Amino acid sequence: MTEYTTRVLNTVRTKNAHEPEFLQAVQEVVSTIEPVLTAHKKYEENCILERITEPERTIMFRVPWTDDEGHIHINRGYRVEFNSAIGPYKGGLRFHPSVNLGILKFLGFEQVFKNSLTTLAMGGGKGGSDFDPKGKSDAEVMRFCQSFMTELQRHIGADTDVPAGDIGVGGREIGYLFGQYKRLRNEFTGVLTGKALNWGGSLIRPEATGYGCVYFAQNMLATRGDDVSGKVCTVSGSGNVAQYLVEKLNQLGAKVVTMSDSNGTVYDPDGINAEKLAWVMELKNVRRGRIKEYVAQFPGSQYLEDQRPWDIPCDCAFPCATQNEINGKDAETLIKNGCKLVAEGANMPTDLDGINIYLQSKILYGPAKAANAGGVAVSGLEMAQNSQRLNWTREEVDAKLHGIMKNIHENAYHHAHEYSSDCTADFTNYVAGANIAGFVKVADAMIDQGLV
Ligand code: NDP
Ligand code: 2IT
């Protein structure tokens with residue numbers, strides 16, 4: 001580590017001592033962008049690292065709501081407006097009991113670099129609440145969303161800050177949030193993305209994160225003359241990202257043998273084919289049930305209570321649930337069992353030990369900022385369509401998503417080979433490549449715009 005990065009990391013650690021996920025995300029970025037900081041002193045001279053690790057604005061607010069029995073509940077709401085150097089703040093809202101400021105700061109920080117990689121004009125932000133939508137009625141979720149938006153609306157706007165979904169926030173929640181924004185502000189604008197098709201949404205937005213992650217995996221495999229067809233794949237999660245990732249893998253001839261939720265994993269050695277996936281989608285999206293119900297429906301499959309999918313042998317692994325779901329031991333197990341590719345649908349699903357093991361093993365590793373950027377990229381395309389007051393076809397949006405993922409891969413590949421000394425003809429350090437490519441665009445914009 002250089003004197004500059006050591007000093008900045010120490011300050012960030014002191015100032016954010018109780019935010020381990022945020023510190024983890026910062027450490028990963030700072031340790032990989034050193035070569036570009038050394039090559040170009042302007043970043044240090046302009047204190048870019050010190051500035052880019054501090055959110056421009058952090059909003060925290062009370063969210064009171066009443067349940068169906070009339071009992072009052074108080075949750076905490078947040079919006080971290082991290083960086084607006086290259087566009088309005090953009091990033092999802094997460095509703096999950098584990099949400100706290102440190103988790104949203106890690107997500108907002110990651111979003112800055114991810115959004116930069118998409119090539120679209122979007123800054124980075126993230127928000128959410130410790131509200132748990134599980135087990136709540138639609139009416140309770142609506143009242144919560146209305147209360148949450150009653151405060152959030154004064155901070156966001158189509159040219160200021162454009163939230164979207166994340167864990168616990170899907171089409172239902174975006175609908176209630178949009179309705180309340182429209183009522184309070186008396187304007188129909190593209191203030192949220194992930195809207196339904198009949199009121200401003202974009203085709204392919206629900207599919208975009210999962211599809212985009214598979215497109216990124218295909219681009220990585222192509223560098224080794226390989227393809228996803230015929231590959232045995234393990235997937236974690238069974239929500240939005242996991243569902244469409246499994247759909248695309250099936251379409252491309254891969255075999256997906258696991259899906260999971262926070263209670264356990266289903267292992268289906270015959271493969272979760274299109275028909276079984278349709279059943280999972282109905283289970284999770286309509287009945288809002290648990291993944292363990294799969295085994296009663298599909299004999300031959302097993303339910304692994306309290307387990308993640310990483311002990312199951314696979315060619316390719318796609319973590320699509322949550323942060324730090326793969327540790328060093330899991331990464332070792334994956335590689336010992338023959339895994340040749342990890343592409344991250346979730347944000348920061350692998351801890352720092354796990355990442356080091358992937359890099360030492362020289363497998364194809366697509367880090368979240370690059371591999372899951374398809375979701376926010378199509379959010380950017382939804383914003384573009386809203387501004388034009390036009391809707392593009394499914395084929396048009398999918399073609400643009402394909403192009404964006406290819407571009408992200410090339411950009412990360414070239415920056416890795418230019419700056420990261422561990423790259424060879426057969427190996428690309430996409431972590432360094434994605435972090436450097438994402439950083440340079442934002443940092444240069446910050447320098448252009450002066451000390452703000
Ligand atoms: P969903 O809420 O639709 O699904 C989340 C899935 O992950 C569920 O199966 C859930 O299980 C599981 N999960 C959530 N928290 C945990 C946990 N603590 N431990 C184990 N499993 C857990 O969310 P998404 O599919 O949208 O998001 C999944 C991941 O992808 C997140 O990391 C998110 O940040 C990331 N992401 C999402 C994008 C999007 O466009 N939606 C874009 C880019 C990244 P359970 O039902 O038990 O809670
Ligand atoms: O982590 C992410 O990129 C998202 N949850 C999607 C953000 C967005 O604005 O579409």
Side-chain angles (χ1 to χ4, degrees), residues 1-2 5 25 27-40 43 110 113-114 116-117 119 212-233 254 310 313-319 326-345 348-373 404-441:
M1 299 286 279
T2 63
T5 52
Q27 181 166 339
E28 185 220 281
V29 169
V30 170
S31 63
T32 53
I33 64 174
E34 267 191 343
V36 87
L37 301 173
T38 306
H40 305 283
Y43 299 125
E110 295 268 301
F113 300 88
K114 184 196 306 191
S116 165
L117 287 170
T119 70
C213 188
V214 176
Y215 299 158
F216 193 86
Q218 280 183 305
N219 278 290
M220 290 198 294
L221 284 162
T223 65
R224 294 185 176 173
D226 207 349
D227 190 65
V228 295
S229 174
K231 297 283 185 294
V232 174
C233 302
W310 318 126
C314 66
D315 302 310
C316 305
F318 296 89
I326 300 181
N327 59 27
K329 192 171 150 291
D330 298 322
E332 271 171 13
T333 306
L334 280 168
I335 285 154
K336 184 167 60 69
N337 287 338
C339 177
K340 298 280 185 297
L341 175 146
V342 177
E344 297 181 334
M348 205 170 76
T350 309
D351 73 9
L352 292 169
D353 289 344
I355 293 175
N356 284 332
I357 287 162
Y358 300 153
L359 295 177
Q360 283 156 18
S361 312
K362 310 233 179 278
I363 61 163
L364 295 169
Y365 168 50
K369 287 182 204 81
N372 76 32
I404 289 169
M405 297 315 295
K406 186 165 187 287
N407 197 298
I408 294 173
H409 177 268
E410 275 170 15
N411 199 7
Y413 182 95
H414 288 302
H415 278 84
H417 284 269
E418 182 175 351
Y419 287 106
S420 191
S421 56
D422 56 351
C423 293
T424 62
D426 302 325
F427 174 69
T428 302
N429 181 338
Y430 290 101
V431 188
N435 287 340
I436 292 169
F439 171 80
V440 165
K441 181 176 173 190

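Just so it is clear, the model here is predicted, and its values are computed rather than measured.
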Can you see which heavy atom on [X] is nearest to which on [Y], and at what distance?
X: Tyr43; Y: Leu37; answer: CB-CD2, 3.8 Å
X: Ala412; Y: Ala434; answer: CB-N, 3.8 Å
X: Gly328; Y: Asp351; answer: N-OD1, 3.6 Å
X: Ile326; Y: Ala331; answer: CG2-N, 3.9 Å

Any donor and acceptor pair, going by atom type alone, linking the side chain of [X] with main-chain N or O of [Y] inside 3.5 Å?
X: Asp330; Y: Asn327; answer: yes
X: Ser420; Y: Cys423; answer: no
X: Ser361; Y: Ile363; answer: no

Note to self: Just to verify, which of His415, His417, Met220 counts as forming a side chain to side chain contact (heavy atoms under 4.5 Å, CB included) with Thr428?
What the structure shows: His417
Can you confirm whether [X] sits close enough to [Y] that some side-chain heavy atom of one is under 4.5 Å from a side-chain heavy atom of the other?
X: Trp310; Y: Cys339; result: no
X: Glu344; Y: Asn372; result: no
X: Pro313; Y: Val232; result: no
X: Val214; Y: Phe216; result: no
X: Tyr365; Y: Leu341; result: no

Item checked: Step-by-step side chain to side chain contact (heavy atoms under 4.5 Å, CB included) determination, Leu334 to Cys314 -> CA-CA 7 Å; Leu334 280 168; Cys314 66; 4.0 Å; yes
Working to the nearest 0.5 angstrom, can you tell me the gap between [X] [atom1] and [Y] [atom2]?
X: Ile404; Y: Asn407; atom1: CD1; atom2: CG; answer: 8.0 Å
X: Lys114; Y: Leu117; atom1: NZ; atom2: CG; answer: 10.0 Å
X: Leu352; Y: Ser31; atom1: CG; atom2: OG; answer: 7.5 Å
X: Lys369; Y: Ile408; atom1: NZ; atom2: CD1; answer: 12.5 Å
X: Cys233; Y: Phe318; atom1: SG; atom2: CZ; answer: 5.0 Å
X: Ile436; Y: Asn411; atom1: CD1; atom2: CG; answer: 11.0 Å

Next item on the list: Could you tell me how the ring of Tyr430 sits relative to the ring of Tyr413: parallel (under 30°), tilted (30 to 60°) or perpendicular (over 60°)?
Entry: tilted
Item checked: Lys441, NZ atom: more than 12 neighbouring heavy atoms under 6.0 Å -> yes
Margin query: Other residues, nucleotides and ligands only: do more than 12 of their heavy atoms fall within 6.0 Å of NZ on Lys231?
Written below: yes
Pair [X], [Y]: side-chain N/O donor-acceptor within cut-off below 3.5 Å:
X: His409; Y: Tyr215; result: no
X: Tyr419; Y: Glu34; result: no
X: Thr32; Y: Asn435; result: yes

Note to self: side chain to side chain contact (heavy atoms under 4.5 Å, CB included) for Thr223 and Asp426? Distances and angles first, verdict last.
What the structure shows: CA-CA 8 Å; Thr223 65; Asp426 302 325; over 6 Å; no
Check: Between Lys362 and Asp422, is the closest basic N to carboxylate O distance under 4.0 Å?
Finding: no
Note to self: Quick test of your reading of the model: are Lys406 and Glu410 salt-bridged, counting only N-O distances below 4.0 Å?
What the structure shows: yes
Next item on the list: Apply side chain to side chain contact (heavy atoms under 4.5 Å, CB included) to Gln218 and Asp227, showing your working.
Entry: CA-CA 6 Å; Gln218 280 183 305; Asp227 190 65; 4.2 Å; yes
